[in-house]
There are 2 protein chains.
Amino acid sequence: MTTSRDDRPAGLRERKKARTRAAIQDHALRLFIEQGYAATTVEQIAEAAEVSPSTFFRYFPTKEETVLYDRLDPVLIESFLNQPPELSPLAAVRGALHAIFDSLDSEESELERARQRLVFSVPELRARLLDQVAGGLTMLNDAVAKRVGREPDDFDVRVWSGSLIGILVAAYLASIEDGSDDFIGYFDRALTRLEEGVPLQP
Amino acid sequence: MTTSRDDRPAGLRERKKARTRAAIQDHALRLFIEQGYAATTVEQIAEAAEVSPSTFFRYFPTKEETVLYDRLDPVLIESFLNQPPELSPLAAVRGALHAIFDSLDSEESELERARQRLVFSVPELRARLLDQVAGGLTMLNDAVAKRVGREPDDFDVRVWSGSLIGILVAAYLASIEDGSDDFIGYFDRALTRLEEGVPLQP
DNA sequence: TGTCTTTTGACAGTAGCTCTCATTTGATGC
DNA sequence: GCATCAAATGAGAGCTACTGTCAAAAGACA
């Protein structure tokens, strides 16, 4: 049997769980946008999703996590690792970014953008997001090391990965500040600068 | 009259406030190290510092802040801005880092290191630290822009600042992982790499 | 249908944090 | 010194995120 994507919904139990999880997350996001993050209590979310508060915490360890859980992250890493081996690390990064973000339909990317706006405007969430980014740095560093055939604790590799993440964050912030939706374009330009050795003439 | 450093303790009130603040922070740090961060309650800290819990929250908005408040941060920025104008941005960064960290006596830097270890081991604190780093990026970006005579939203400037911060964080993490105390040395090497255009050959 | 396992809800409890109000304590003019 | 005012403090009530326990409900499987 061949199911197109999310392979095998399996039992009723699993499907119900997935639905509950999605319901909680959706209602949470909606309420946060409508009334603000702090002003929305877990109890309200639970009620909206028609579960008890206890159940809420069985699905999400913290209120923050309903917003922070990023479905794209693991997909991005996987895509990076699957880029053709003859590509340079930087070209592979570029390829992975495009592969993922160009595949989102307009509804998905609109929701994703709403989520990002929320994360950036709530200090609490922003802080945890950055911690995730730092975690991503380790993963990226390992992947880069593998790709260029060096050790993960190689200093050049670490510095390179660090600059890459720093550049991406800076480009992302720039796109937000400019009010632009085209963060992929910003990423591209930033990657090109890194390719050129991060020049900076007065 | 010449007071050596912290100019004019002024009134009794001010001095008492400063003492209370320091007491809270010191006892908090001590208790965190002794019993762990989560296991230490605000009530315990308040009791140790001989103030009421209400007073604790008048001095620090959150429990986290007792650890996170970094006295070196504003000093670093100031030092960067005061570096001789003929230096390149990168040389100015190097100069500022050395100016500050080389001036710490052994007790100060030991305490600072204990604080850093704590911050890095508690996810909650680490997350907020990173948010501070992101805030620092904006300040750095503005300072760099001024230094090279460009606009703060200049893309090259942003990318450069981003890569610098990313590199410093990566170098810092590397020093921690290696168990080295010489993070200044790591910073230096990382800065040199940036100077060379962040090369990475396979 | 009956049994076993997972999921759920009710409830109680802890701790971070806010707010209010009365009391104390340092600053200041006389 | 003393009276007056502003700032600092403590006591206490209250909200909410989060944890842990236990019994009831619902799906899996025979």
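Order of the sequence lines fixes the chain letters, A, B, ..., with proteins taken first and strands second; residue numbering starts at 1 for each chain.
Rounded to whole angstrom, the span from the CD atom of B:Glu124 across to the C1' atom of D:dC18 amounts to 12 Å. C:dT18 atom P lies 14 Å from atom CZ of B:Phe60, rounded to whole Å. Between A:Leu125 atom CG and D:dA17 atom C1' the separation is 14 Å, expressed in whole Å. Rounded to whole angstrom, the span from the CZ atom of A:Arg15 across to the C1' atom of D:dA26 amounts to 15 Å. Following rounding to the nearest Å, B:Ile24 (CD1) and C:dC17 (P) show an atom-to-atom distance of 14 Å. Between B:Leu68 atom CG and C:dG16 atom C1' the separation is 15 Å, expressed in whole Å. Between A:Lys63 atom NZ and D:dT19 atom P the separation is 14 Å, expressed in whole Å.
Near-neighbour residues of DNA chain D inside residues 39-59 of chain B, defined by a heavy atom below 4.0 Å, number-ordered: B:Val51, B:Ser52, B:Ser54, B:Thr55, B:Arg58, B:Tyr59.
A:Arg128 contributes atom CZ, which lies 6.0 Å from atom CG of A:Leu68 (distance to the nearest 0.5 angstrom).
Under a cut-off of 6.0 angstrom, the local environment of CD in A:Glu110 is crowded, with over 12 non-hydrogen atoms contributed by other residues, nucleotides or ligands.
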Q: Please report the C-alpha distance between A:Lys17 and A:Tyr59 in whole Å, then the side-chain angles of each, then the deciding distance to 0.1 Å, and finally whether the side-chain contact (heavy atoms from CB on, under 4.5 Å) criterion is met.
A: CA-CA 9 Å; A:Lys17 261 172 81 175; A:Tyr59 280 87; 3.3 Å; yes
Q | CA sep, side-chain torsions, deciding dist, call: A:Arg147, A:Leu87, side-chain contact (heavy atoms from CB on, under 4.5 Å) | A | CA-CA 9 Å; A:Arg147 196 163 253 281; A:Leu87 293 182; 4.2 Å; yes
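In terms of modelled atom types and a separation under 3.5 Å, the side chain of B:Arg126 and the main chain of B:Phe120 share a donor-acceptor contact.
In this structure, the side chains of A:Tyr37 and A:Glu64 come closer than 4.5 Å at one or more pairs of heavy atoms.
Ring pair B:Phe187/B:Phe183 is perpendicular by interplanar angle, where above 60° counts as perpendicular and below 30° as parallel.
A:Lys63 and A:Glu124 are not joined by a salt bridge, as no carboxylate oxygen comes within less than 4.0 angstrom of a charged side-chain nitrogen.
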Q) How does protein contact run along nucleotides 23-30 of chain C, one letter per nucleotide 5' to 3', with B for base contact, S for sugar-phosphate only, - for none, heavy atoms under 4.0 Å? A) --BBS---
